[in-house]
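Below: the structure, in structure tokens.
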Amino acid sequence: EAAVAWSHLAYGIYHEEFGGERFAALQAKGARTQRVLWASTSVKSAAFSPVKYVEALAGADTVNTLPLNTIESYLEMGEPEDRLKGSLAGSQAVVGQVSASGIDLEECAVQLENEGIQKFVEPFGVLLESIETKRLAVV
């Protein structure tokens, strides 16, 4: 629940940045918003619905990367609805409760971000090696 609430707060920041007068002036000149990217939002525990995070993070101006089995589960049981709109107050309450219990969510976010980056480093290296092998075969 804390991760979902933290994500909803991030979405609120997105709307602050792209929903104000400053960006409206840029938009009038042709600028477009960058969408919020939710990445790797599949559940890691069988105790949760396979669409728990997909549904909790569904909303306008978002992109969600999902493994095939999560997509299939969503096609079966998903209920499309904007669940981000109006979620700010409830999310602030959840984050407040978590923080009051002594958990440093900023520290957790940094750790999870670093772990997430590392999960892409090795596959990216493999991709570069594959490209180089194919390039050498052609040259």
Side-chain angles (χ1 to χ4, degrees):
E1 298 309 311
V4 169
W6 195 256
S7 298
H8 285 206
L9 294 180
Y11 187 74
I13 293 168
Y14 163 82
H15 271 281
E16 286 174 16
E17 292 296 318
F18 292 104
E21 291 179 25
R22 181 173 177 232
F23 190 75
L26 295 171
Q27 206 166 23
K29 295 179 180 185
R32 294 187 298 174
T33 63
Q34 177 176 332
R35 294 190 221 173
V36 176
L37 171 64
W38 309 122
S40 303
T41 57
S42 61
V43 295
K44 311 307 186 247
S45 169
F48 297 131
S49 162
V51 297
K52 175 181 176 66
Y53 300 115
V54 178
E55 293 211 327
L57 299 175
D61 301 320
T62 65
V63 175
N64 196 337
T65 61
L66 305 169
L68 184 57
N69 62 333
T70 304
I71 292 170
E72 290 168 348
S73 293
Y74 190 76
L75 289 171
E76 267 182 43
M77 65 179 74
E79 296 180 20
E81 179 183 329
D82 187 340
R83 290 183 171 81
L84 295 170
K85 188 179 278 186
S87 67
L88 203 53
S91 296
Q92 288 170 330
V94 170
V95 168
Q97 290 171 344
V98 172
S99 296
S101 73
I103 296 172
D104 185 339
L105 285 175
E106 297 239 2
E107 184 180 313
C108 291
V110 168
Q111 179 180 340
L112 289 170
E113 182 177 359
N114 289 334
E115 289 174 6
I117 290 168
Q118 284 306 309
K119 289 183 179 183
F120 287 95
V121 169
E122 184 180 336
F124 186 68
V126 170
L127 173 64
L128 291 178
E129 287 176 22
S130 173
I131 291 170
E132 181 65 8
T133 300
K134 290 176 183 175
R135 185 190 70 81
L136 291 173
V138 172
V139 175

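Just so you know, residue 1 is the first one in the sequence shown, and it goes up from there.
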Does any donor atom in the side chain of Tyr53 or Thr70 lie under 3.5 Å from an acceptor atom in the other side chain? no
If you look at every heavy atom in Leu84 and Asp82, which pair is closest and at what distance? N-OD1, 3.0 Å
So, do Glu132 and Leu128 sit near enough that their side-chain heavy atoms are less than 4.5 Å apart? no
In terms of heavy-atom contacts, does CD of Gln92 have more than 12 from other residues, nucleotides or ligands at under 6.0 Å? yes
Is atom CD of Gln27 surrounded by more than 12 heavy atoms (other residues, nucleotides or ligands) closer than 6.0 Å? yes
Of all the heavy-atom pairs spanning Ser91 and His8, show the shortest one and how long it is. OG-CB, 3.0 Å
Glu107-Gln111 side chain donor-acceptor pair, cut-off 3.5 Å: no
Minimum heavy-atom separation for Met77 to Glu55, with atom names? O-OE2, 4.2 Å
Spell out, as yes or no, whether a donor-acceptor pair under 3.5 Å connects the side chain of Ser101 to the backbone of Val98. yes
Can you confirm whether Glu81 is buried at CD, in the sense that more than 12 heavy atoms of other residues, nucleotides or ligands lie under 6.0 Å from that atom? yes
Do the rings of Phe18 and Tyr14 sit parallel, tilted or perpendicular, given the 30° and 60° boundaries? tilted
Using modelled atom types and a 3.5 Å cut-off, is there a donor and acceptor pairing between side-chain atoms of Ser130 and backbone atoms of Val126? no
Side-chain contact, heavy-atom cut-off 4.5 Å: Ile71 with Tyr74? no
Tyr11 side chain to Ala60 backbone, donor-acceptor under 3.5 Å: yes
Can you tell me how far apart OG1 (Thr33) and NE2 (His15) are? Round to the nearest 0.5 Å. 8.5 Å
Taking the side chain as C-beta and beyond, is there a heavy-atom pair between Ile103 and Cys108 under 4.5 Å? yes
For Ala5 and Val95, the nearest pair of non-hydrogen atoms, with its separation, is CB-CG2, 3.9 Å
same_hphob_cluster(Trp6, Leu88) at 4.5 Å side-chain heavy-atom cutoff: yes
Strictly distance-based, threshold 3.5 Å: is any side-chain N or O of Ser49 a donor or acceptor partner for the main-chain N or O of Val51? yes
Give the C-alpha distance, both sets of side-chain angles, the deciding distance and a yes or no for side chain to side chain contact (heavy atoms under 4.5 Å, CB included) between Glu113 and Ile117. CA-CA 6 Å; Glu113 182 177 359; Ile117 290 168; 4.1 Å; yes
If every non-hydrogen atom of Ala56 is compared with every non-hydrogen atom of Val4, which pair is closest and at what distance? CB-CG1, 3.8 Å
Looking at every non-hydrogen atom in both residues, tell me the closest pair between Leu57 and Thr41 and how far apart they are. CD1-CG2, 3.9 Å
Would a single hydrophobic cluster contain both Leu37 and Leu66, if residues Ile, Leu, Val, Met, Phe, Trp and Tyr are joined by side-chain heavy-atom contacts under 4.5 Å? no
Hey, is Glu1 close enough to Lys52 for a salt bridge, meaning N to O under 4.0 Å? yes
Verify the cluster assignment for Ile131 and Phe124: are they in a single hydrophobic cluster under the rule of side-chain heavy atoms below 4.5 Å apart? yes
Do Lys44 and Ser42 have side-chain atoms, one donor and one acceptor, less than 3.5 Å apart? yes
Looking at Glu106, I'd like to know if its CD atom is crowded, meaning that more than 12 non-hydrogen atoms belonging to other residues, nucleotides or ligands lie closer than 6.0 Å. no
